[in-house]
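The structure appears right after this line, and notes come after that.
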Amino acid sequence: MIVIVKPDATAAQLEQLLGRIRELGLTPMVSQGAERTVVGLIGDERLVSDGVLESLPAVEQVMPILKPYKLVSREFKKTDSIVEVRGIPFGGPEIQVIAGPCSVETAEQMRKAAEAVRAAGCRLMRGGAFKPRTSPYTFQGVGDEGLDFFREAADAYDLPIVTELMDVRKIDVFLEKKVDVIQIGTRNMQNFDLLKEVGRLNVPVILKRGMSATIKEWLMAAEYIAAHGNHRIIFAERGIRTFETQYRNVLDVTAIPVLKKETHLPVIVDPSHAGGKAALVAPLAKAAIAAGADGLLIESHPCPEEAWCDADQALSPEQLTQLMGELRRVAEAIGRTL
Ligand code: PEP
Ligand code: MN
């Protein structure tokens, strides 16, 4: 359930409400909106008998949340949430593009990649130091050292870094290297222990959709993160599995408006892993922006044919720059900026 707080409630009255909720054995989650404050109750709601909260001076209304996902739902918070990454807003009128290689390879490759990402006008950089590969015999990522290359290259161009976390044992290294956004990949969307641990951090999280996950399962995975205290979640649609084999995955464009209706959190799209081919990235990226996505996650490489991973889908620096120009016009057409 959620408690709507009276607009004129004092700080002391709000504290009294939070204290009462804790006494009942539940955890209060406060969401401070521009117009109103609401408090979500986490725990066994049967412990709250009728009228016990309504009688408090801070309380305007107590309402059940009917959806199984609560903190991430629009029922909990009507207005769009902005997730800021070092001052860069996700979820507002400005569309954010994150670009960079599939995997971190060398210091030189990351320097060139960062230069191209910045020159194209993207505001954040991606790159995996730990790669979830289908085969145990293929390149698994350069590991901890890669985070150093990445950090150095991105810092030189003032780009926050986005990188995938697969293992809870790497959280300390991620914090030490000051990873700006933790990516949870498609294969780990329902790794609930990983989600719980990421939920305890104060670091923004990109939660990719499981390749065979329903929208409800995806929202529930985000709820795991939020329920453990981290509300800085960005959803990323990256294509799903269907009967079609002509391309890597099917970009579920419909998921964008559906998710925007179900959640107050930002939604971005990864057209690279959806299409799996460089030539498909631009049309899918444009479709995503037109459908209301708040940002894009794009694979680019200083020299795509030499990429150690996902070479077929990487954009060259020139292709990335051209795409950014085209996307700017699509954004403008729907009243947004890029
Ligand atoms: C990636 O972004 O590098 C990646 C592995 O993506 P996904 O989890 O969507 O396959
Ligand atoms: Mn990739």
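Indexing begins at 1, ligand by ligand and atom by atom, following the structure's order.
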For ligand 1, which is the ligand I care about here, please tell me if Asp270 has any N or O atom under 3.5 Å from one of the ligand's N or O atoms. no
- Query: Hey, does Glu164 come in under 3.5 Å of ligand 1, counting only N/O atoms on both sides?
  - Reply: no
Pair [X] + [Y], salt bridge at N-O below 4.0 Å:
X	Y	value
Arg151	Asp180	yes
Glu115	Lys112	no
Lys208	Glu164	no
Glu332	Arg329	no
Arg86	Asp158	yes

Per residue Glu299, nearest N, O or S atom to the Mn ion (ligand 2) is named OE2
Which of the atoms of ligand 1 are close to [X], meaning less than 4.0 Å from one of its heavy atoms?
X	result
Arg187	8 (O), 10 (O)
Gly185	8 (O)
Glu299	3 (O)

Can you tell me if an N/O/S atom from Cys102 lies under 2.8 Å from the Mn ion (ligand 2)?
yes
Q. Below 4.0 Å from any atom of ligand 1, is there a heavy atom belonging to Met211?
A. no
Among Arg238, His273, Arg209, closest by heavy atom to atom 9 (O) of ligand 1 is Arg238
Worksheet item: Side chain of Glu105, backbone of Trp308: donor and acceptor closer than 3.5 Å?
Response: yes
**OP:** May I ask you to test the Pro89-Gln96 pair for a side-chain heavy-atom distance under 4.5 Å?
**Re:** yes
